[in-house]
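Worksheet: the structure to be examined is printed underneath.
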Amino acid sequence: MDEYIISGPMRNSMTRRYEPKAIEQAWQVVWEKDKAFKAVKASGAGKRYVLEMFPYPSGRIHMGHVRNYSIGDVIARFLMMKGKNVLHPMGWDSFGLPAENAAIQHGTHPAAWTHENIANMRKQLRRMGFSYDWDREVATCMPDYYRWNQWIFLKLHEKGLAYKKRSSVNWCPDCATVLANEQVEDGLCWRCSSTVEMKVLEQWFLKITAYADELLDFTYKLPGWPERVLVMQRNWIGKSEGAEVFFPVDGSEEKIRIFTTRPDTICGVTFMSMAPEHPLLEKISSKDRIDEVRRFAEKVKAEKKLRGAEPAEKEGVFTGAYCVNPLTGAKAPVFAANFVLMEYGTGAVMAVPAHDQRDFEFAKAYGLPVNAVINPHGEILDVKTMTAAFAGEGVMTNSGQFDNMKNTEAMSAITTHIAQKGFGAKTVNYKLRDWGISRQRYWGCPIPIIYCDSCAAVPVPLDELPVILPEDVKLTGKGLSPLAEAGAFINVKCPKCGKPARRETDTMDTFVDSSWYFLRYTSPKAESVPFEKTDADSWMPVDQYIGGIEHAVMHLLYARFFTKALRDLGLHPHDEPFTNLLTQGMVCKEIVKCPEHGYLLPEENAGGKCVYCLKPVETGAVEKMSKSKKNIIDPDLIIEKYGADTTRLFSLFAAPPERDLDWNEEGVEGSYRFLSRVWRLVDDNIELLSGARAYDPARDEPLDGALKEMHRATHKTIKKVTEDVGENFHFNTAISAIMELVNALYQFSQKDDAQGLSPLRGRQVFKEAVNAVVLMLAPFAPHISEELWKMLGSREPVYRTKWPEFNEASLVKAETLIVVQINGKVRSRLTLAVDTPEDAVRRAVLNDEKSAEWIKGKNILKFVYVPNKIVNMVVS
RNA sequence: GCCCGAGUGGCGGAACUUGGUAGACGCACGGGACUUAAAAUCCCGAGAGGGCAACCUCGUGCCGGUUCAAAUCCGGCCUCGGGCACCA
């Protein structure tokens with residue numbers, strides 16, 4: 001065998017190369033066979049529910065998934081090793097539009113396409129070695145899941161929290177279908193580029209506004225959420241307190257209802273602005289103005305569509321009507337104005353140009369009067385010279401009995417006055433709208449309602465659930481929703497009167513599916529309830545939720561709403577679903593472009609040249625990986641080349657979780673190199689390691705010299721990694737700490753004298769450190785850890801092994817480095833015994849040659865000593 | 001416009017929670033060892049400028065402040081990224 005000695009230090013014929021593929025597959029089989037990650041509630045240990053946002057089964061996982069799930073897996077595996085009862089499930093958000101599009105394009109059935117994708121992605125996730133309890137897998141497109149969507153919908157309907165109303169939707173006349181907001185690009189249909197119209201349709205809504213206050217209040221009770229997500233949710237809910245006031249229309253019985261947050265400015269009203277589509281305009285506009293008002297409304301409607309988000313110039317038309325200020329009796333002209341939104345408040349705004357910038361601009365454009373009612377403290381506003389509205393605080397003026405009050409006090413005084421006089425009342429307004437869940441789509445959860453000519457909208461009886469989505473439908477992408485053409489599905493008998501009736505053909509928004517899946521995971525097989533109360537009670541809330549920031553508002557708000565609504569249905573006792581939220585950054589990569597062939601995939605770039613025309617490529621900005629920019633890396637290719645452990649390790653090492661991560665393959669190689677280095681550390685020293693047990697500071701005699709230092713470094717690293725992983729998710733620094741320890745072990749392993757591996761004690765210290773490295777690596781790179789752990793002679797797999805503990809006494813140093821500053825600049829470094837008293841430190845500094853240079857001939861003004869750390873001597 | 005977040009070597013990032021050696025760890029780079037050679041591996045070097053050297057000066061977006069001491073705290077500004085955007 002000797003002729004097969006492999007070159008390199010300390011290699012011998014027993015050496016095994018690090019071959020991730022074989023190891024990883026083998027351990028995945030073991031974990032699966034052992035049901036290693038099955039969540040079982042055992043008494044005594046605390047529960048931890050770790051959850052990553054489940055994926056849409058698009059067909060293949062992408063780097064965003066890899067990152068998201070690697071983060072979750074580190075947390076889950078760490079907690080398992082810490083002895084917690086961990087629930088770590090995975091499933092599929094498997095209803096949605098891409099399945100229908102694929103069906104239309106490729107002639108497959110959405111169900112077949114989806115199931116194939118799930119099978120494929122499940123395989124990919126298993127290849128990554130994530131610690132999921134696969135027995136709890138759910139797929140929202142399966143009847144055993146979506147029947148409970150329907151059940152919950154009916155329960156909400158019973159409570160009046162699901163209702164139907166007319167509302168406008170995006171409508172593509174060419175495709176004859178409704179489009180979601182995100183499918184409208186610059187006012188055009190994303191598929192056929194026709195101009196999208198607004199169409200009024202009957203839609204089902206969920207009354208999320210009933211929970212607006214609670215959803216808002218709890219944003220102040222979620223310390224484990226990133227502040228920016230909470231801020232976004234608060235903005236979205238958009239609560240504002242103010243007053244509702246009625247302005248009678250002069251010469252009419254009609255009253256204009258307005259909402260204002262500034263009742264203090266009511267005496268400064270000089271005109272009224274109303275949304276162009278406000279229904280009252282038809283009634284109050286004068287005969288000679290009505291046509292112009294209508295034309296204006298049409299024009300604004302058309303412009304809104306075209307422009308999308310950009311704000312327009314302020315425009316309006318006079319309606320010919322006047323309203324009467326209920327407080328002052330003054331008359332003010334009524335305008336239809338393009339900046340007033342029908343959707344918010346009451347669709348009508350009292351205009352106070354002196355104290356509102358929009359009203360000010362409008363007044364200037366149309367030559368309307370400006371009337372100041374608040375003076376800034378110590379100043380008097382001059383409406384003739386004002387160039388902008390004054391929106392600050394001040395003292396009331398021109399407001400009759402309220403003059404000389406502070407405007408902040410006048411707000412409530414005037415509101416009270418208005419209420420007493422019956423002109424209006426204090427009110428609260430929200431930007432949050434009820435959630436329209438009707439989708440004219442096939443691949444979604446059918447809404448369990450039957451329409452009967454005699455009984456109207458009748459809920460499907462609970463015992464007839466689920467309403468199964470029929471499989472035999474034509475998918476053309478044209479005409480009506482596929483369900484509307486599925487006769488066998490539509491035609492039913494009315495559950496109430498038995499007469500022929502029709503089923504609802506709309507399906508639910510897929511956000512409904514994802515609003516409670518975390519509850520279903522607690523008892524995924526429950527057959528008579530959406531989830532068992534006892535299971536939800538004990539596993540919920542999710543302790544750590546991890547996902548992309550793109551869900552900051554929609555999904556996370558809907559999930560919070562459902563949690564509260566289901567609580568109020570008595571299904572579980574929790575107020576909030578997710579105690580801690582981690583929003584991970586995007587995975588980005590440099591864009592590569594060929595002057596002739598446009599964006600290039602990484603594999604189309606051969607050493608800086610386009611593979612098609614050999615022209616030099618241009619490299620652009622680092623941007624989020626996307627198919628359209630072609631800056632994507634297929635996780636499978638990376639796993640194939642380097643293994644899952646390397647893929648995981650790199651995605652955790654290259655950046656902290658919240659920050660964007662730039663993908664670069666050299667970095668991946670670095671991670672691979674590190675794992676190989678750990679492998680060799682064990683493999684090259686396997687005989688030494690098998691011949692020794694680990695040093696145990698609790699039982700064994702104390703160490704000194706290099707052995708003590710090695711031992712101390714081990715425990716220092718355990719402390720650092722435990723904190724970084726367990727407390728603040730600083731995975732990148734945790735990994736770098738392990739790297740440092742490995743570097744130190746390489747140094748140590750090369751010392752074969754009494755200060756190294758020569759004495760048995762040295763080998764025991766070495767083994768203690770190597771054991772710690774392997775265990776600490778386990779959450780990041782679990783396969784190699786298992787393999788090395790076995791090589792180190794353990795009979796128990798890592799997943800059943802406890803996380804290493806650090807020993808406080810082992811951290812204690814005999815000597816410490818004192819940095820010496822003179823006038824704030826580092827001039828010397830002294831190594832002194834720990835806890836050397838201050839006067840001894842002072843003497844040491846004065847005796848120190850380097851320091852003395854700088855002190856010589858000067859007066860010592862001050863001596864600052866931070867124990868065991870630093871000295872700063874101020875001299876002059 | 002408003003609200004967040006971030007600016008540190010050639011690059012990703014560390015130190016910011018708790019003011020105390022700025023640049024850990026990794027990548028890229030340079031040097032050495034091993035090799036017939038290469039790869040791999042192991043070791044060493046490296047913020048910038050100056051000096052033969054010991055060392056010195058400067059240095060965390062900019063300006064100022066607090067402090068014995070500031071990347072870190074405070075005030076003002078600049079740039080980039082994100083979110084909201086006529087919300088009455």
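Chain letters run A, B, ... following the sequence lines, proteins first and then strands; every chain starts at 1.
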Short N/O separations, protein against nucleotides 27-31 of chain B, under 3.5 angstrom:
| unit_1 | atom_1 | unit_2 | atom_2 | d |
| --- | --- | --- | --- | --- |
| B/C27 | OP1 | A/Arg673 | NE | 3.0 |
| B/C27 | OP1 | A/Arg673 | NH2 | 2.7 |
| B/A28 | OP2 | A/Arg673 | NH2 | 3.2 |

Show the distances under 3.5 angstrom between N or O atoms of the protein and N or O atoms of nucleotides 43-49 of chain B.
none

Extract from the structure each pairing of a protein N or O with an N or O of nucleotides 55-58 of chain B at less than 3.5 Å, listing the distance.
| unit_1 | atom_1 | unit_2 | atom_2 | d |
| --- | --- | --- | --- | --- |
| B/U57 | OP1 | A/Arg827 | NH2 | 3.4 |
| B/U57 | OP2 | A/Arg827 | NH1 | 3.2 |
| B/C58 | OP2 | A/Lys825 | NZ | 2.8 |

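With rounding to the nearest 0.5 Å, the separation of CG in A/Asn872 from CD1 in A/Ile822 is 7.5 Å.
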Determine whether A/Ser749 and A/Asn685 satisfy the following criterion, side chain to side chain donor-acceptor pair (under 3.5 Å), listing intermediate values before the conclusion.
CA-CA 8 Å; A/Ser749 73; A/Asn685 298 294; 4.6 Å; no

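Rounded to the nearest Å, the gap between the C1' atom of B/C11 and that of B/A46 is 15 Å. The gap from the P atom of B/G5 to that of B/C74 amounts to 12 Å, rounded to the nearest Å. Look at the C1' atom in both B/A48 and B/C34: the space between them is 35 Å, to the nearest Å. With both ends at atom C1', the span from B/A28 to B/G81 equals 26 Å, rounded to whole Å. Using atom P as the reference point in both B/G59 and B/G49, the two lie 15 Å apart (nearest Å). Of the C1' atoms belonging to B/U41 and B/G50, the separation is 38 Å, rounded to the nearest Å. Of the C1' atoms belonging to B/U8 and B/G13, the separation is 10 Å, rounded to the nearest Å.
Between A/Tyr18 and A/Ile784 there is a side-chain heavy-atom pair separated by less than 4.5 Å.
Stem regions annotated for RNA chain B: B:1-7 with B:78-84, B:10-12 with B:25-27, B:29-33 with B:41-45, B:47-50 with B:55-58, B:61-65 with B:73-77, counting only runs of 3 or more consecutive pairs of Watson-Crick or G-U type with both contacts under 3.5 Å.
The side chain of A/Val349 sits closest to B/A88 out of B/G83, B/G26, B/A88. Distances from the side chain of A/Ser240 to the nucleotides B/C25, B/A88, B/C3 place B/A88 closest.
The aromatic rings of A/Phe766 and A/Phe748 lie parallel to each other, their planes meeting at an angle below 30°, with 60° marking the opposite boundary.
For A/Phe271 and A/Tyr366, the gap between ring centers reaches or exceeds 6.0 Å.
Salt-bridge formation is not detected for the pair A/Glu838/A/Arg842: no Lys NZ or Arg NE/NH1/NH2 atom is positioned less than 4.0 Å from an Asp or Glu carboxylate oxygen.
Contacts between residues 718-739 of chain A and RNA chain B, defined by a heavy-atom separation below 4.0 Å, involve A/Asn732, A/Thr733, A/Ser736, A/Met739, listed by number. Looking at residues 266-281 of chain A, you'll see that no heavy atom sits under 4.0 Å from any atom of RNA chain B.
Just one of A/Trp663, A/Tyr672, A/Phe674 meets the ring pair (Phe, Tyr, Trp, His ring centres under 6.0 Å) condition when paired with A/Phe650; it is A/Trp663.
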